[in-house]
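Below you'll find the structure, written out as structure tokens, and then a few comments.
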Amino acid sequence: ALNINNSSMFAGADVLIAVGSIIMILGFLGCCGAIKESRCMLLLFFIGLLLILILQVTGGILGAVYKPQLEEGLNLVITEAANLLKENTENAKQVQESLQKFQLQGQCCGIVNGITDWGNNYNLVIDGKAVCECEQKYQEENLCTRFQGRYVFKEPCKTVILSFLQKNMDIIMGIAFGMAVIEVLGLVFSMCLYCQIQRK
């Protein structure tokens, strides 16, 4: 459930490359159109920017409309992953190893309910460390709780993941808004320039 295959990892990179290429072509059209006073190039620049703006607005609307479904899907994945922590299958072991690395990096334990998500595997040792093991330095920072005679991280990893997503969502929204403002200014500029060339 936590595995990400190579195709899905590279899909995001392909989209970014495609978007970057389109923006570069549009920028070239806009510059050449302004320098050569070409109505055709300016019109293509205007249409391209308008289409990107429409796609951005559409994406934002769809994201808002389907937000409950996305949250429901995320909760389902999280619940399935939490169930795998209690199992001993080969697939479960892969998920457990991945989560153990994340737990050490994020100073968290389990997924939804902390150490109890691990069930009878709460004393499982992965890469030389018991799951959710909270070291002395973290105990001093009040990140640990005592469970079955040892210290474990007290915060569930779901909280850490959601906090990370919320923080980064603000940054993404800010970038998207900034890009939208620049695109609107580009549209206004290209139309003004187009009208000026039209009068000549």
Side-chain angles (χ1 to χ4, degrees), residues 1-21 55 58-173 175-176:
L2 294 177
N3 288 344
I4 301 170
N5 57 36
N6 289 335
S7 60
S8 64
M9 286 174 64
F10 289 117
D14 291 340
V15 169
L16 288 174
I17 291 167
V19 170
S21 301
L55 285 171
T58 304
I61 291 168
L62 288 173
V65 169
Y66 290 104
K67 187 180 177 184
Q69 287 90 328
L70 290 171
E71 288 177 351
E72 188 179 333
L74 180 62
N75 286 330
L76 182 63
V77 169
I78 286 171
T79 304
E80 287 177 358
N83 291 334
L84 285 171
L85 299 182
K86 300 172 184 176
E87 297 178 9
N88 295 310
T89 63
E90 200 60 40
N91 184 38
K93 286 177 183 176
Q94 291 178 2
V95 172
Q96 290 162 5
E97 286 173 8
S98 299
L99 184 65
Q100 172 70 340
K101 290 175 184 175
F102 183 80
Q103 287 176 155
L104 295 172
Q105 290 173 353
Q107 289 93 56
C108 58
C109 180
I111 298 178
V112 181
N113 300 309
I115 189 66
T116 55
D117 285 344
W118 287 89
N120 292 328
N121 290 331
Y122 69 90
N123 274 329
L124 189 68
V125 176
I126 300 173
D127 293 333
K129 285 193 176 183
V131 293
C132 300
E133 185 178 325
C134 195
E135 297 175 5
Q136 181 68 35
K137 59 180 178 181
Y138 298 122
Q139 292 172 30
E140 293 167 2
E141 295 174 23
N142 198 29
L143 297 175
C144 313
T145 186
R146 199 161 175 80
F147 181 83
Q148 299 288 333
R150 67 186 183 92
Y151 284 99
V152 296
F153 290 113
K154 60 182 176 182
E155 190 171 31
C157 290
K158 181 182 176 181
T159 308
V160 175
I161 293 166
L162 291 176
S163 174
F164 174 80
L165 289 174
Q166 285 170 354
K167 285 177 185 175
N168 284 279
M169 191 57 68
D170 292 339
I171 295 168
I172 292 166
M173 291 298 290
I175 293 169

Fill in the blank from the handout: Contacts satisfying ring-ring contact (aromatic ring centres under 6.0 Å, His included) that involve residues 67-112 (not counting sequence neighbours) are none

Exercise for the section: Taking side-chain contact (heavy atoms from CB on, under 4.5 Å) as the test, write out the residues that go with Gln105, two or more places apart. Expected result: none

Problem - Heavy-atom pair of closest approach, residues Asn113 and Thr116 - result: O-OG1, 2.8 Å

Handout entry: Spacing of CG belonging to Asn88 relative to CG belonging to Leu124, to within rounding of 0.5 Å
Key = 8.0 Å

Practice task
Indicate whether the side chain of Gln103 and that of Gln100 have a donor and an acceptor atom separated by less than 3.5 Å.
Solution key: yes

Completion exercise
Here the gap from Trp118 atom CH2 to Gln96 atom CD, rounded to the nearest 0.5 Å, amounts to 5.0 Å

Exercise for the section: Run the numbers on Asn121 and Val131 for side-chain contact (heavy atoms from CB on, under 4.5 Å), then give the verdict. Expected result: CA-CA 8 Å; Asn121 290 331; Val131 293; over 6 Å; no

Practice task
Scan residues 68-92 for pairs that pass ring-ring contact (aromatic ring centres under 6.0 Å, His included), counting only residues two or more places apart or in two chains.
Solution key: none

Handout entry: Those residues that, when tested against Glu141, pass side-chain contact (heavy atoms from CB on, under 4.5 Å) (two or more places apart)
Key = Tyr138, Leu143

Problem - Any residue meeting side-chain contact (heavy atoms from CB on, under 4.5 Å) with Glu72, in chain and number order, not counting sequence neighbours - result: none

Handout entry: Cys109 and Cys134: CA distance, side-chain angles, deciding distance, disulfide bond (SG atoms under 2.5 Å apart) verdict
Key = CA-CA 9 Å; Cys109 180; Cys134 195; over 6 Å; no

Completion exercise
Residue set satisfying side-chain hydrogen bond (donor to acceptor under 3.5 Å, both in side chains) with Asn83, at least two apart, ordered chain then number -> none

Exercise for the section: May I have all residue pairs that pass salt bridge (Lys or Arg N to Asp or Glu O under 4.0 Å) and include part of residues 108-137, sequence neighbours excluded? Expected result: Lys129-Glu135

Can you give me every donor-acceptor pair (side chain of residues 154-161, partner residue at least two apart or in another chain, under 3.5 Å) with its distance?
{"unit_1": "Lys154", "atom_1": "NZ", "unit_2": "Asn142", "atom_2": "O", "d": "3.2"}
{"unit_1": "Lys154", "atom_1": "NZ", "unit_2": "Asn142", "atom_2": "OD1", "d": "3.4"}

Exercise for the section: Mind checking the CG-CD1 spacing from Leu85 to Ile111? Nearest 0.5 Å is all I need. Expected result: 4.5 Å

Problem - Partner residues of Arg150 under the side-chain hydrogen bond (donor to acceptor under 3.5 Å, both in side chains) criterion, sequence neighbours left out - result: Asn123

Handout entry: Separation between CD of Gln139 and CZ of Phe153, rounded to the nearest 0.5 Å
Key = 9.5 Å

Practice task
Using the test side-chain contact (heavy atoms from CB on, under 4.5 Å), find all partners of Phe147 that sit at least two apart in sequence or belong to another chain.
Solution key: Ile115, Tyr122, Val152

Practice task
Taking all heavy atoms of Gly110 and all of Cys132, pick out the closest pair and write down the distance.
Solution key: N-SG, 3.8 Å

Handout entry: Nearest-0.5 Å distance, NZ of residue Lys101 to CD of residue Glu97
Key = 7.0 Å

